[in-house]
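Worksheet for the structure shown next.
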Amino acid sequence: MHTSEQPQTPTSEPSGPQPPQTLLNLITTVLSLLLLSSLTVRSFVGRWQVLRSKLCTLQSSLSLISESPHWDDNSLLHTLFPSLLSTLQRLKPLSDQCTLSSFTGGKLLMQSDLDIASSSLSTHLHDLDFLLRSGVLHQSNSIILSHPGPGSDKDDLGFFIRDVFTRLQIGGIEFKKKALESLLQLLNKDEKSTAVVAKEGNIGYLISLLEVNSQPLIREQAVLAVSMLASSSQHSRKIIFEEGGLGPLLRILETGSISLKEKAAIAVEAITADPENAWAISAYGGVSALIEACRSGSQPIQTHAVGALRNVASVEDIRLALGEEGAVPVLVQLLVSGNTATQEKVANCLSILASSGEYCRALIIQEKGLPRLMHMIQDLSNSDTIEHVLRTICSLSVTDSNLQILSSSTTTIIQLGEFIKHGNMILQQISASLLSKLSIREGNKRAISSCMGSLVKLMESPKPVGLQDAAAQAIVSLLTVRSNRKELARDEKSVMRLVQMLDPKNETVSKKYPLMVVTALLAGGSGDCRKILVAAGANKHLQILTEMEVAGAKKALQRLAGITLESIFSRTWRE
């Protein structure tokens with residue numbers, strides 16, 4: 001190739017890094033020569049018009065940078081300026097060749113070289129423009145780089161976050177690593193800062209670093225940052241979702257390393273915790289990825305993947321997909337093989353599926369889910385997990401065959417009695433409701449008679465709705481055994497509670513519940529039970545309720561009246 005006789009700007013650079021001012025001077029010199037030569041090019045004129053436009057924009061950007069008060073403090077320019085100078089120096093000999101009267105070189109090669117230079121200039125312009133718009137050149141470098149302390153105001157924190165994201169977006173690999181380290185340190189140290197990060201930071205760019213073509217360490221740090229943001233607040237989760245973060249996270253869950261999968265699973269569970277985001281799992285094809293993560297992932301992956309499935313199980317279309325893609329066998333297996341946290345989420349997910357309809361219930365039964373659930377409650381200590389297991393069992397008990405299995409299980413019935421005596425109010429309600437449905441043998445009814453006092457006490461509680469009814473129904477079921485009636489009658493506290501609930505002035509309890517129990521207690525004609533109730537004052541309350549025409553009061557009074565007639569005949573005979 002022929003070379004131009006015009007003076008050349010030296011392309012060799014002194015060894016070692018040069019100060020920003022020196023670099024800017026070199027860049028300005030080469031840029032001025034390029035602008036002049038671009039006016040006299042004779043070859044590839046169209047391409048040089050585009051290049052000249054970019055060179056003019058570059059000149060304006062450099063002028064703005066030099067006018068910024070702290071531009072030479074910013075370490076990003078130590079990376080940007082050498083790269084920019086290199087691009088301009090490569091472009092200078094190309095301009096010299098294109099100013100010749102006749103171009104005799106390879107046209108395709110020259111076109112390619114000019115296009116590459118044009119693309120590089122576009123990248124530099126983007127980075128410089130972003131740097132100018134970020135505002136970090138107006139802030140002292142020493143202030144920006146120091147982590148904001150506990151007493152820092154939002155402005156300082158905002159400047160710091162913008163600087164971090166500026167370095168992340170336009171810096172080299174080392175700048176990106178250090179920027180992500182600073183970001184992670186901030187997120188780990190101060191939970192309140194996550195809201196400012198979500199507002200001031202470019203979350204969309206952070207998500208772009210999740211893609212497989214990112215440098216491995218940078219990708220891992222980015223996944224961790226997204227995971228921490230997603231776990232911090234609903235606002236942060238919303239921004240991550242709106243910026244398209246769910247898709248890349250699900251891809252990582254499918255193809256990433258174990259470490260990346262664990263962080264992605266945490267983020268996916270957090271994002272799907274918001275109901276308005278749950279539908280997108282199906283749109284991104286994430287159901288199969290979550291099921292596979294539950295099947296073959298590490299324990300942390302399984303725990304969070306199951307949590308995500310639990311979050312989306314309430315969406316009808318996704319429930320169908322869970323059934324069709326084989327989620328139920330995996331979930332049932334995790335009931336026995338998962339850790340405590342996994343079991344709790346599995347039980348919750350199964351309870352949602354079981355309550356949704358016959359399709360999911362049939363799948364759970366097909367996988368022998370009921371026997372596993374019945375066995376599971378014997379060893380559980382976590383009340384939340386027990387609650388979900390009991391709810392699932394209740395949902396499965398809608399069929400006669402399952403009711404028969406439950407009714408014949410002595411260990412399950414005894415465990416239900418223990419939950420009624422010692423569980424929290426929710427466990428008591430579910431256990432009482434389940435007991436009232438079962439056809440329990442007399443021997444098993446006697447075995448759990450000690451829970452009757454707790455059931456009577458539950459009848460006093462107006463909340464949660466349905467508790468009084470479940471407790472009353474369960475007591476009535478147990479009182480079909482004579483020995484249980486005698487035992488309850490001997491329980492002074494329970495008798496007093498029943499009588500107090502009969503009091504017309506007591507409006508916290510619907511009268512039908514104590515009337516049901518009193519009527520059942522008086523069944524069989526036991527004189528002792530009658531005497532105890534009369535002595536406790538039940539007679540006067542029943543008379544008033546009968547006069548008020550309360551349903552069931554007359555029948556209860558008639559059963560109680562046997563002791564009164566007996567007393568009359570006894571006194572007449574003595575006289």
Side-chain angles (χ1 to χ4, degrees), residues 230-231 233-238 240-242 245-247 249-250 253 264-295 301-335 338 341-367 369-370 373 382-398 426-427 429-430 433 464-466:
S231 304
S233 70
Q234 183 176 1
H235 177 65
S236 298
R237 288 193 291 273
K238 182 180 179 182
I240 291 171
F241 178 75
E242 290 176 347
L246 187 56
L249 288 167
L250 287 169
L253 197 56
I266 292 171
V268 171
E269 180 182 19
I271 291 170
T272 54
D274 297 333
E276 58 268 28
N277 300 343
W279 62 268
I281 284 289
S282 181
Y284 283 110
V287 171
S288 58
L290 288 172
I291 294 173
E292 184 56 36
C294 292
R295 179 185 291 112
I301 292 172
Q302 288 178 331
T303 300
H304 296 293
V306 167
L309 287 180
R310 171 202 59 192
N311 292 340
V312 302
S314 57
V315 180
E316 183 177 356
D317 290 343
I318 295 181
R319 280 200 304 270
L320 292 174
L322 290 175
E324 292 168 356
E325 298 194 32
V328 172
V330 176
L331 291 171
V332 172
Q333 178 59 37
L334 282 176
L335 271 178
T342 303
Q343 284 182 330
E344 192 271 327
K345 293 175 182 179
V346 170
N348 193 354
C349 187
L350 286 175
S351 70
I352 294 170
L353 294 175
S355 65
S356 67
E358 184 57 35
Y359 173 66
C360 289
R361 285 197 291 269
L363 291 175
I364 296 172
I365 293 168
Q366 180 180 316
E367 295 300 322
L370 181 58
L373 292 163
N382 182 283
S383 60
D384 289 334
T385 307
I386 294 170
E387 176 190 338
H388 300 316
V389 169
L390 287 178
R391 289 192 186 281
T392 308
I393 291 174
C394 274
S395 296
L396 297 179
S397 68
V398 295
I426 293 175
L427 295 185
Q429 179 180 10
I430 301 171
S433 177
V465 176

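Only this structure's heavy atoms are used, side chains among them; waters, hydrogens and symmetry mates stay out.
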Look at the side chain of Gln429 and the backbone N and O of Val465, then say whether any donor-acceptor pair between them is shorter than 3.5 Å. yes
Would you say Gln234 has more than 12 foreign heavy atoms packed within less than 6.0 Å of its CD? no
Asp317 vs Ser282 side-chain heavy atoms within contact, under 4.5 Å: no
Below 4.5 Å, heavy atoms only, C-beta onward: do Leu320 and Tyr359 meet side chain to side chain? yes
Heavy-atom pair with the smallest gap, counting every atom of Ala293 and Ala305: CB-CB, 3.8 Å
Determine whether a donor-acceptor pair (N or O, by modelled atom type, separation under 3.5 Å) exists between the side chain of Ser351 and the backbone of Asn348. yes
Set of residues satisfying side-chain hydrogen bond (donor to acceptor under 3.5 Å, both in side chains) with respect to Arg361, sequence neighbours excluded: none
Quick one, Ile281 and Thr272 - any side-chain contact, counting heavy atoms below 4.5 Å? yes
Counting distance only, does the side-chain N/O of Asn311 pair as donor-acceptor with the main-chain N or O of Glu269 below 3.5 Å? yes
Is there a side-chain contact between Val268 and His304 (heavy atoms, below 4.5 Å)? no
What are the two closest heavy atoms between Val315 and Trp279, and how far apart are they? CG2-N, 4.5 Å
Among Val287, Asn277, Ile318, which one satisfies side-chain contact (heavy atoms from CB on, under 4.5 Å) with Val312? Ile318
Please list all pairs meeting salt bridge (Lys or Arg N to Asp or Glu O under 4.0 Å) that have one or both residues in residues 280-295, counting only residues at least two apart or in different chains. Glu292-Arg295
Suppose the criterion is salt bridge (Lys or Arg N to Asp or Glu O under 4.0 Å): which pairs have a residue in residues 272-290, not counting sequence neighbours? Arg237-Asp274
Taking the side chain as every heavy atom from C-beta outward, state whether Val332 and Gln366 have any pair of such atoms under 4.5 Å apart. no
